[in-house]
Amino acid sequence: MNKQRRKRISELMQKISDLKEELDEVLQEEQDYYGNMPENLQYNQKGESSEEAICNIEEACSCLDDCISNLESSIEN
């Protein structure tokens, strides 16, 4: 891979990393929201929706981590 493409990938990695940080903030907010819910609400539709959102956001964060790792590997070779 040439220097120009490595630079472009590095820039994209930074953008993805910035997006991941924002997504981590949203995840923390949703976890706080769920954690501060009264227990009886955690077991109704709102609580279940919040739990599902947390799981989905965690999965998205993991995918972004994998993406960054794969891109790092691509420019190291």
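For the numbers below, each heavy atom of this structure counts, side chains included, while hydrogens, waters and symmetry mates do not.
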A.B. asks: Apply side-chain contact (heavy atoms from CB on, under 4.5 Å) to residues Glu59 and Cys63 and explain how you reach the verdict.
C.D. replies: CA-CA 6 Å; Glu59 179 67 24; Cys63 289; 3.8 Å; yes
A.B. asks: Could you tell me the separation between the CD atom of Glu48 and the OH atom of Tyr34, rounded to the nearest 0.5 Å?
C.D. replies: 8.5 Å
A.B. asks: Can you pull the salt bridge (Lys or Arg N to Asp or Glu O under 4.0 Å) pairs that have at least one residue in residues 11-27, sequence neighbours excluded?
C.D. replies: Lys7-Glu11, Lys20-Asp24, Lys20-Asp65
A.B. asks: Main chain of Gly47, side chain of Asn44: is a donor-acceptor contact present, judged purely on distance under 3.5 Å?
C.D. replies: yes
A.B. asks: Just how far is it from atom CG of Leu19 to atom SG of Cys61, taken to the nearest 0.5 Å?
C.D. replies: 10.5 Å
A.B. asks: Is there a path of hydrophobic side-chain contacts, each under 4.5 Å between heavy atoms of I, L, V, M, F, W or Y residues, that connects Met1 with Met13?
C.D. replies: yes
A.B. asks: Please tell me whether Ile75 and Ile68 are part of a single hydrophobic cluster in this structure, the criterion being side-chain heavy atoms less than 4.5 Å apart.
C.D. replies: yes
A.B. asks: Measuring from atom CG of Leu41 to atom OG of Ser50, what distance do you get when rounded to the nearest 0.5 angstrom?
C.D. replies: 11.0 Å
A.B. asks: Going from CD1 on Ile9 to OG on Ser74, what distance comes out if it is rounded to the nearest 0.5 angstrom?
C.D. replies: 4.0 Å
A.B. asks: When you compare the side chain of Glu30 with that of Glu58, does any pair of heavy atoms fall below 4.5 Å?
C.D. replies: no
A.B. asks: Is there a path of hydrophobic side-chain contacts, each under 4.5 Å between heavy atoms of I, L, V, M, F, W or Y residues, that connects Val26 with Tyr33?
C.D. replies: yes
A.B. asks: State the CD-CD1 distance between Glu52 and Ile57, to the nearest 0.5 angstrom.
C.D. replies: 11.0 Å
A.B. asks: Going by side-chain contact (heavy atoms from CB on, under 4.5 Å), name the residues that satisfy it together with Glu29, two or more places apart in sequence or in a different chain.
C.D. replies: none
